[in-house]
Participant: 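The structure's right below; bear with me while I get my questions together.
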Amino acid sequence: MSNTKVTTTSDAVRTRRDFLRKGVMTAIAAPVAVSALASCKDGAAQRTATASDSDHSGGSTAPHPATPAAAAVDPRARADQMDAMHEKGIKAFPAKTEGKGNQLLAPRIVNGVKVFDITCKAVQWEVEVGKKVEAWTFNGVVPGPQIRVTEGDRIRMIVKNELPESTSVHFHGIEMPNAMDGVPFITQPPIKPGETFTYEFVV
């Protein structure tokens with residue numbers, strides 16, 4: 001014979017009532033619980049610091065060093081530190097770094113079509129004086145080049161991918177043929193590393 005208990009509707013209602021009653025009692029007792037938890041805090045931190053390989057990763061069973069709680073940092077000191085970093089960045093602008101993005105890209109005109117050559121590639125880009133990061137760019141600059149056209153122009157954008165991953169160009173804010181919308185697996189295949197894709201449409 002099974003020992004499984006069958007819960008009836010009246011049992012469930014009683015259980016919900018008990019749950020709500022206990023919830024109210026817990027809320028009333030919360031101030032007492034907070035002070036009790038505060039007094040246990042140091043002991044819990046010490047136990048956590050000496051726990052060994054609790055994730056079963058095969059790591060050392062030596063005690064882990066205790067780390068100071070983030071809440072122990074003075075909020076004013078943290079704010080001062082963040083403000084100092086912000087002020088430094090503002091006062092350094094515009095910094096005289098290498099390279100300049102957002103420059104107008106002049107098209108080639110081929111049989112009345114404005115042709116723009118775009119190469120997607122990674123470069124070392126100076127974000128602060130003396131500090132460079134790897135940037136994935138259009139034509140080696142951040143932001144990419146500025147393209148200006150007039151409504152009614154026929155344009156051709158030849159995109160060459162020199163990145164280590166697939167890419168595409170998705171246009172915003174203009175009406176265009178669906179096949180030129182630049183959404184991989186929906187309107188076009190992704191542009192694989194080393195491949196080129198040509199977008200062409202009337203603006």
Side-chain angles (χ1 to χ4, degrees), residues 53-59 64 67 70-71 73 75 77-203:
D53 197 25
S54 59
D55 63 356
H56 307 290
S57 62
H64 297 286
T67 55
V73 178
R78 289 182 61 144
D80 289 344
Q81 183 181 20
M82 180 64 76
D83 290 347
M85 290 171 56
H86 186 192
E87 183 180 18
K88 180 182 175 184
I90 293 295
K91 289 185 174 177
F93 184 82
K96 294 186 178 180
T97 53
E98 293 177 12
K100 191 172 183 181
N102 197 33
Q103 300 303 297
L104 189 62
L105 178 63
R108 294 183 287 119
I109 308 298
V110 179
N111 297 326
V113 178
K114 292 184 177 179
V115 181
F116 298 92
D117 295 296
I118 299 291
T119 301
C120 306
K121 61 182 177 179
V123 302
Q124 287 296 307
W125 186 258
E126 190 173 34
V127 291
E128 297 176 18
V129 176
K131 180 181 178 182
K132 293 186 177 183
V133 298
E134 182 181 74
W136 289 22
T137 69
F138 283 165
N139 290 8
V141 293
V142 178
Q146 187 180 139
I147 294 174
R148 288 183 174 267
V149 293
T150 303
E151 185 175 0
D153 285 347
R154 184 168 194 89
I155 70 165
R156 181 180 304 142
M157 184 181 291
I158 303 170
V159 179
K160 182 180 180 184
N161 183 14
E162 294 182 357
L163 296 171
E165 295 183 12
S166 299
T167 191
S168 69
V169 177
H170 176 60
F171 301 86
H172 285 264
I174 56 175
E175 292 183 9
M176 61 195 318
N178 190 54
M180 296 288 105
D181 198 36
V183 183
F185 306 111
I186 298 178
T187 62
Q188 72 169 87
I191 310 171
K192 302 280 189 186
E195 292 184 351
T196 297
F197 187 90
T198 299
Y199 298 92
E200 185 164 345
F201 54 90
V202 175
V203 177

Participant: Indicate the atoms forming the closest heavy-atom contact of A122 with L163, along with that distance.
Facilitator: N-CD2, 3.7 Å

Participant: Keeping to residues at least two apart or across chains, list the salt bridge (charged side-chain N to carboxylate O under 4.0 Å, His left out) pairs with something in residues 125-141.
Facilitator: E98-K132

Participant: Who are the side chain to side chain contact (heavy atoms under 4.5 Å, CB included) partners of P143, not counting sequence neighbours?
Facilitator: N102

Participant: Hey, what do you get for CZ (F171) to CD1 (I147), rounding to the nearest 0.5 Å?
Facilitator: 7.5 Å

Participant: Restricting to pairs with a member in residues 106-116, which pass salt bridge (charged side-chain N to carboxylate O under 4.0 Å, His left out), not counting sequence neighbours?
Facilitator: R108-D117, K114-D153

Participant: Ignoring hydrogens, what is the shortest heavy-atom contact between V202 and G152? Give both atom names and the distance.
Facilitator: CG1-O, 3.7 Å

Participant: Using every non-hydrogen atom in the two residues, find where P190 and S166 come nearest and quote the distance to one decimal.
Facilitator: CB-CB, 3.7 Å

Participant: Could you pull out all residues at least two apart from P177 that satisfy side chain to side chain contact (heavy atoms under 4.5 Å, CB included)?
Facilitator: M180, F201

Participant: Tell me, please, which residues at least two apart from K121 pass side chain to side chain contact (heavy atoms under 4.5 Å, CB included).
Facilitator: T119, V123, T137, E162

Participant: Taking only residues two or more places apart in sequence or in another chain, which ones pass salt bridge (charged side-chain N to carboxylate O under 4.0 Å, His left out) with E200?
Facilitator: R154, R156

Participant: Going by side-chain hydrogen bond (donor to acceptor under 3.5 Å, both in side chains), name the pairs with one or both residues in residues 80-90, residues two or more places apart or in two chains.
Facilitator: R76-D80, E87-K91

Participant: Considering only residues two or more places apart or on different chains, which pairs with a residue in residues 172-199 satisfy salt bridge (charged side-chain N to carboxylate O under 4.0 Å, His left out)?
Facilitator: none

Participant: My understanding is that only residues two or more places apart in sequence, or in another chain, count here; which of them pass side chain to side chain contact (heavy atoms under 4.5 Å, CB included) with A92?
Facilitator: none

Participant: Who passes ring pair (Phe, Tyr, Trp, His ring centres under 6.0 Å) against F197, sequence neighbours left out?
Facilitator: Y199

Participant: Show the nearest heavy-atom pair for residues P145 and I118, with the distance to one decimal.
Facilitator: CG-CD1, 4.1 Å

Participant: Tell me, which pairs form a ring pair (Phe, Tyr, Trp, His ring centres under 6.0 Å) where one or both residues lie in residues 91-135, sequence neighbours left out?
Facilitator: none

Participant: Under 6.0 Å from the CD atom of Q124, do we count more than 12 heavy atoms belonging to anything else shown?
Facilitator: yes

Participant: What are the two closest non-hydrogen atoms of I191 and S168, and how far apart are they?
Facilitator: CD1-CA, 3.9 Å

Participant: Specify the closest pair of heavy atoms between V129 and A95, including all atoms of both residues, with the distance to one decimal.
Facilitator: CG2-CB, 4.3 Å

